[in-house]
Amino acid sequence: MNSPGVVIWLTGVPASGKSTIATAVEDILRTRGLPVENLDADEVRANLSPNLGYTDEARDENTKRLAWMARMLSQYGVNVIVAAVSPLRSHRDRARQWCPNFVEVFVDCPIEVCQERDPKGLYARAARGEVKDIAGLHIPYEPPNGAEVHLCTDRADVQACVQMVIDMVIELGYIPS
Ligand code: ADP
């Protein structure tokens with residue numbers, strides 16, 4: 001049996017930079033010849049459970065499914081990256097309990113900067129009153145207490161953030177240096 005892969009769990013409010021960093025970390029692992037799967041919460045939701053919705057229960061269910069998939073893949077040696085708002089500590093703590101080589105990455109960015117960036121137009125829709133449940137704006141986002149990596153994406157550029165993630169995963173011994 002392979003040793004378990006790393007599970008890199010990126011959490012943060014919308015537009016903080018999770019998907020951008022996830023894709024870049026995925027590229028680096030792939031280039032190194034390591035097996036890797038990038039589970040983007042929006043894509044998993046769209047493909048597996050498009051009708052799930054965004055109630056508290058639905059968010060809990062979505063993060064549960066992501067954690068379960070991460071566990072399944074990682075136990076066969078696949079390195080897994082999860083990019084999910086996962087606003088509650090309980091969401092991330094469950095994933096940590098289920099996945100042995102777990103690296104929580106707090107993708108931190110002030111909400112005003114996220115509103116400016118707005119790559120997916122979500123905050124514009126909120127400004128028009130079409131969306132009323134954005135974590136960090138309308139509903140609580142609980143910042144991690146003990147994340148292995150804390151990125152301030154308004155101050156460090158993408159490359160520096162990605163490097164911090166890779167360095168920590170190497171330091172923890174989850175991928176070779
Ligand atoms: P999320 O997945 O958290 O919703 P995205 O990755 O889709 O966020 O969007 C983040 C936006 O912020 C992108 O347009 C990205 O280019 C930009 N950005 C600026 N600086 C950074 C950084 N240091 N890390 C990640 N994204 C950044």
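We use all heavy atoms of the structure for the numbers below, so side chains are in, but hydrogens, waters and symmetry mates are not. Whatever order the structure lists ligands and atoms in, that order sets their numbers, starting from 1.
- Taken from OG in Ser177 to CD in Glu171, the straight-line distance is 11.5 Å, to the nearest 0.5 Å.
- Remark: Arg94 is not positioned above the aromatic ring of Phe102, lacking an NZ or CZ atom under 6.0 angstrom from the ring centre and at most 45 degrees off the axis.
- Using modelled atom types, one side-chain atom of Asn79 and one backbone atom of Val6 make a donor-acceptor pair closer than 3.5 Å.
- By the side-chain contact (heavy atoms from CB on, under 4.5 Å) test, Asp42 is found to be paired with Asp40, Lys120, residues two or more places apart in sequence or in another chain being considered.
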Using the side-chain contact (heavy atoms from CB on, under 4.5 Å) rule, take Trp98 and Lys64 through it: C-alpha gap first, then chi angles, then the decisive distance, then the call. CA-CA 10 Å; Trp98 285 359; Lys64 193 174 177 181; 3.7 Å; yes
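- Between Arg96 and Glu148 there is a salt bridge, since a side-chain N of the basic residue sits under 4.0 Å from a carboxylate O of the acidic one.
- Contacts of ligand 1 (protein heavy-atom distance under 4.0 Å) are Val13, Pro14, Ala15, Ser16, Gly17, Lys18, Ser19, Thr20, Ile21, Arg117, Pro119, Lys120, Thr153, Ala156, Asp157, Val158, Cys161.
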